[in-house]
Number of protein chains: 2
Amino acid sequence: LRWSAVTVDNGTMTTVHDVGEFGLIDRLARIVADARLDAPTAPGFRMRLGIGDDAAAWHADDGVMVTTTDTMVEGVHFAQGTTPWRDVGWKVMAANLSDIAAMGALPLHALVTLGLPGETLLSVVEEMYYGMLEACDRYRLLLVGGDTVSAFNLFISVTVTGRCTSGPLTRSAARPGDAIGVTGSMGGSAGGLRLLQSPDSDTLQGSAAQVLAQAHRRPAPRLEAGQHLVRAGIRCAMDISDGLRADVAKLALASGVGARVQAAQVPVEPCLTELLPKEALQLALNGGEEYELLFTGRPEVVQRIVRELPGAALIGEVTADTPGSVVVIDEDGTELSVMRLGWDHLR
Amino acid sequence: LRWSAVTVDNGTMTTVHDVGEFGLIDRLARIVADARLDAPTAPGFRMRLGIGDDAAAWHADDGVMVTTTDTMVEGVHFAQGTTPWRDVGWKVMAANLSDIAAMGALPLHALVTLGLPGETLLSVVEEMYYGMLEACDRYRLLLVGGDTVSAFNLFISVTVTGRCTSGPLTRSAARPGDAIGVTGSMGGSAGGLRLLQSPDSDTLQGSAAQVLAQAHRRPAPRLEAGQHLVRAGIRCAMDISDGLRADVAKLALASGVGARVQAAQVPVEPCLTELLPKEALQLALNGGEEYELLFTGRPEVVQRIVRELPGAALIGEVTADTPGSVVVIDEDGTELSVMRLGWDHLR
């Protein structure tokens with residue numbers, strides 16, 4: 001199934017009110033069935049019941065299971081102008097899968113809840129579903145059920161369950177003397193959002209701009225990198241969703257340690273440096289929705305990972321400083337910033 | 001911990017905007033920790049990581065796991081006038097647990113997503129959490145994480161995972177010749193809502209009115225009844241959430257069978273008959289949010305369950321009629337109604 005070839009009739013004005021709850025659920029269940037997703041790669045898993053009963057059911061062998069949930073609200077987490085509906089579906093699934101990756105787990109299945117105003121176009125719902133199914137197909141998980149509710153504003157809430165291939169990677173296992181690593185370059189998603197929000201549509205011309213826009217619209221959860229970390233013996237990791245600096249602070253706080261980050265060692269997305277040179281470092285340090293993994297481990301282990309895993313970099317060290325404190329240092333050894341907590345969605 | 005003794009300071013006007021996302025999450029994590037919930041009773045389960053990491057993690061022995069999700073939106077599924085916030089928390093948890101009961105499973109844990117306008121009072125969020133924790137405490141499950149997002153309208157979305165003690169009970173296992181049973185009396189919740197919506201506050205006077213109001217505000221998921229059905233050898237069940245008649249139709253459709261329901265055998269909540277005698281049967285047949293279980297099985301098995309399980313009743317039979325068709329028959333043998341599908345939330 002080539003997902004780019006799956007088209008939705010965006011011309012019709014059929015709403016979810018027109019087809020009703022049962023019509024909508026039937027339609028979505030058929031879309032999922034037609035997708036014929038492959039079975040998950042996580043070991044010891046066998047699906048028993050998917051969409052259509054009171055709950056989804058599966059067999060699980062002895063092992064560590066993980067579950068996470070992530071929600072996007074229209075007008076808060078995305079806007080129609082910058083994110084097509086299919087990308088909204090991809091992104092909410094990717095946000096959950098990024099958490100699964102950060103646990104060192106592989107995904108099994110997803111439950112999807114849609115909150116829909118009655119006037120929502122059916123084609124909008126279908127586009128979101130295809131976006132989610134593209135991600136399910138790419139990252140090998142099943143879409144097994146959910147809930148469809150009436151709401152005043154559109155929202156989409158996804159819960160993903162996965163299975164660890166070893167002990168879970170936690171935020172609380174960093175120790176002073178550990179090196180800090182990241183699995184890839186920073187700032188691409190924030191740079192892409194900056195370009196997409198620009199009133200000048202010419203800013204999206206050129207391949208560098210397209211790379212950044214894609215980083216924002218189609219973030220890639222780093223499941224394979226998470227598995228690489230597990231195999232390398234890493235025990236401490238989290239995904240970078242609120243910005244590198246803020247998430248280093250969260251990891252440090254959870255571990256009861258401090259952190260020093262060398263700004264010059266932070267890998268900045270090259271297309272970002274090309275297009276927005278003045279803001280590139282600031283966006284790399286603070287831009288959200290990155291979905292690379294942040295991890296710590298003994299310096300020789302992190303150095304080996306940097307050699308083996310394309311894009312990975314060693315960016316600093318864990319210290320015995322005040323828990324949750326992060327010092328960012330520039331090339332001259334000057335302290336650029338000190339902080340403790342990051343972006344606050346509710347303020 | 002006596003839950004009724006847990007009070008929230010409803011006098012202060014602190015909003016979620018005032019405490020911010022991290023302040024709110026800290027507060028809720030502390031409330032959950034202080035609740036010191038007992039470990040789930042389902043076998044082969046051991047919690048590994050709760051609130052605070054990228055995902056919740058647990059050990060699972062070989063067995064069938066189930067997962068379900070249910071969401072309530074302010075102004076759609078509840079109104080402040082008829083449902084206090086603590087009851088909103090209880091009800092969304094109860095709705096999920098009812099699905100777990102209908103699978104013949106016992107609950108393990110819940111993830112909670114709150115969509116909150118910035119002006120939401122902190123005390124409102126805390127009341128909802130205490131309502132959820134009351135249900136977790138009563139039905140032995142853990143609250144292990146979730147997501148808190150900014151939203152224009154308040155909503156609360158819960159995902160519960162459980163474990164079957166035998167094969168899952170499904171909607172699709174009814175066969176012609178089976179008897180149809182329910183685990184308790186019908187119409188209490190709908191009758192309670194009718195009284196709560198009455199402009200005359202005197203309607204809530206008296207113990208019968210209080211029973212109905214309680215049925216609406218604090219529906220009881222029938223986990224023990226679900227386990228009773230499993231032990232008795234039942235293989236087909238679902239919970240009654242959209243009304244008995246509509247849910248019999250759904251079960252019949254899923255099983256590819258028809259159904260005949262004897263109205264005179266439907267157990268009507270006695271307090272409903274007392275207070276609203278003219279509407280009692282209609283509310284018992286069509287009232288939603290009941291959360292009793294509907295099940296089918298060989299007549300002698302269903303008859304034994306009716307003898308053993310207080311409140312249970314045999315209400316009809318599975319037929320080879322058109323899949324999804326339900327005929328309701330009154331005491332004289334007159335067909336009261338024929339229908340195929342129930343309440344449609346989106347129309």
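Just so it is clear: chains get the letters A, B, ... in the order the sequence lines come, proteins before strands, and each one is counted from 1. Everything numeric here is computed off the predicted structure, so don't read it as measured data.
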Peer 1: Heavy-atom distance under 4.5 Å to chain A: side chain of B:Leu251, backbone, both or neither?
Peer 2: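 No part of B:Leu251 comes within 4.5 Å of chain A.
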Peer 1: Counting heavy-atom pairs under 4.5 Å with chain B, which one of A:Asp70, A:Asn96, A:Leu111 comes out on top?
Peer 2: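 Maximum pair count with chain B is reached by A:Leu111.
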Peer 1: Using non-hydrogen atoms and a 4.5 Å limit, figure out which bit of B:Ala254 sits close to chain A: side chain, backbone, both or neither.
Peer 2: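 Answer is neither: B:Ala254 stays 4.5 Å or more from chain A.
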Peer 1: At a heavy-atom separation under 4.5 Å, does B:Ala101 approach chain A through its side chain, its backbone, both, or neither?
Peer 2: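 Neither; nothing under 4.5 Å.
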Peer 1: Got a second to check how far B:Asp239's CG is from A:Asp54's CG, nearest 0.5 Å?
Peer 2: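 The CG atom of A:Asp54 is 5.0 Å from CG of B:Asp239, to the nearest 0.5 Å.
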Peer 1: For A:Ala57 and B:Val64, work out which heavy atoms get closest and say how close.
Peer 2: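 For A:Ala57 versus B:Val64, the nearest heavy atoms are CB-CG1, 3.9 Å.
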Peer 1: For atom CZ of A:Arg235, is the number of surrounding heavy atoms from other residues, nucleotides or ligands below 6.0 Å larger than 12?
Peer 2: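 Result for CZ/A:Arg235: open.
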Peer 1: With rounding to the nearest 0.5 angstrom, report the OG1 to CE distance, A:Thr161 to B:Met65.
Peer 2: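 Between atom OG1 of A:Thr161 and atom CE of B:Met65 there are 8.5 Å.
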Peer 1: If you compare all heavy atoms of B:Ala55 against all heavy atoms of A:Val66, which two are closest, and at what distance to 0.1 Å?
Peer 2: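 Answer, listing the atom of B:Ala55 first, then A:Val66: CB-CB, 4.1 Å.
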Peer 1: How about B:Val73 and A:Phe155: do any of their side-chain heavy atoms sit closer than 4.5 Å?
Peer 2: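 B:Val73 vs A:Phe155: side chains touch.
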Peer 1: At a heavy-atom separation under 4.5 Å, does B:Ser157 approach chain A through its side chain, its backbone, both, or neither?
Peer 2: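 Contact with chain A involves the side chain of B:Ser157 alone.
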Peer 1: To the nearest 0.5 Å, what is the distance between OG1 (B:Thr71) and CG (A:Asp147)?
Peer 2: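 Result: 5.0 Å between the selected atoms.
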Peer 1: Check each atom of B:Met103 against the heavy atoms of chain A and say whether the ones under 4.5 Å are side chain, backbone, both or neither.
Peer 2: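 For B:Met103, side-chain heavy atoms alone lie under 4.5 Å from chain A.
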Peer 1: Taking B:Gly145, B:Ser98, B:Pro168 one by one, which has the highest count of heavy-atom pairs under 4.5 Å against chain A?
Peer 2: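 Winner by heavy-atom pair count: B:Pro168.
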Peer 1: Please state whether the side chain, the backbone, both or neither of B:Thr113 comes within less than 4.5 Å of a heavy atom of chain A.
Peer 2: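 Only the side chain of B:Thr113 comes within 4.5 Å of chain A.
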